[in-house]
Amino acid sequence: MKTLYISGAALVAFLGMGMMSLQANAETAHPRPHEVNSRLENQQDRIHQGVKSGELTRREAEHLRLKDASIHHHERRDRITHHGHLTKGEYKRLNNQLNRDSKGIYRDKHNDKVR
């Protein structure tokens with residue numbers, strides 16, 4: 001019984017180390033998730049600035065934040081599915097969604113609606 005316990009503990013330790021190295025490799029080998037996240041942060045800053053300056057109404061800002069949250073959700077789901085990285089197709093789809101969202105932010109900031 002002790003041998004099984006020690007073997008189990010060794011297996012858990014080994015798998016834990018493997019998962020850490022897998023995460024480290026995924027982060028260094030696949031920079032695309034970081035690009036998506038930095039674009040999302042940039043767009044959140046643009047939305048915040050638009051609300052602060054009065055260029056965006058609260059309703060417009062909430063709508064734009066929901067779009068960003070949806071993109072973030074898809075990005076996380078895709079990363080989980082593919083062991084911490086995005087495929088080229090997923091990256092392309094997320095990038096297109098971010099482009100549409102960015103144009104929406106610009107459009108809403110430059111319309112005639114003010115808070």
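In what follows, residues are counted from 1 in the order of the sequence shown.
Put simply, CG on Asp68 and CD1 on Ile105 are 5.5 Å apart, with the number rounded to the nearest 0.5 Å. From Asp108, atom CG reaches atom NZ of Lys103 across 14.5 Å, with rounding to the nearest 0.5 Å. Rounding to the nearest 0.5 Å places CG of Asp101 at 8.5 Å from NE2 of His63.
His82 and Glu90 are linked by a side-chain donor-acceptor pair at a separation below 3.5 angstrom, with hydrogens and angles left out of the test. Residues Arg39 and Asn99 bring a donor and an acceptor atom of their side chains to less than 3.5 Å of each other.
Closest approach of Arg46 and Tyr106 over heavy atoms only: NH2-N, 3.7 Å. Minimum heavy-atom separation, Arg65 to Val51: NH2-CG2, 4.3 Å. Shown here for Asn111 and Glu60, the closest heavy-atom pair between the two residues is ND2-OE2, 2.8 Å. Scanning both residues, Ile71 and Leu40, for their nearest heavy atoms gives CG2-CD2, 4.1 Å.
The 12-atom threshold is not exceeded at CZ of Arg59, counting heavy atoms of other residues, nucleotides or ligands nearer than 6.0 Å.
Considering only heavy atoms from C-beta on, Gln44 comes within 4.5 Å of Ile47 through its side chain. Asn95 places none of its side-chain heavy atoms less than 4.5 Å from the side chain of Val36. The side-chain heavy atoms of Lys92 and Asn96, taken from C-beta on, include a pair separated by under 4.5 Å. Contact of the Lys109 side chain with the Ser53 side chain is not registered, since no non-hydrogen atoms from C-beta on lie closer than 4.5 Å. Residues Arg93 and Asp78 form a side-chain contact, since some pair of their non-hydrogen atoms from C-beta on lies under 4.5 Å apart.
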Arg58/Glu62 under salt bridge (Lys or Arg N to Asp or Glu O under 4.0 Å): CA gap, chis, key distance, verdict: CA-CA 6 Å; Arg58 287 189 177 146; Glu62 185 61 30; over 6 Å; no

Working note: Gln43 + Lys67, criterion side chain to side chain contact (heavy atoms under 4.5 Å, CB included); need CA distance, chi angles, decisive distance, verdict. CA-CA 11 Å; Gln43 290 185 178; Lys67 284 183 178 181; over 6 Å; no

Are Asn37 and His72 close enough, and set up right, to give a side chain to side chain contact (heavy atoms under 4.5 Å, CB included), and what steps lead you there? CA-CA 8 Å; Asn37 290 331; His72 181 69; 3.9 Å; yes

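Residues satisfying the ring-ring contact (aromatic ring centres under 6.0 Å, His included) test with His73, not counting sequence neighbours, are none.
Within the 3.5 Å criterion, the main-chain N or O of Leu98 finds no donor-acceptor partner in the side chain of Ser102.
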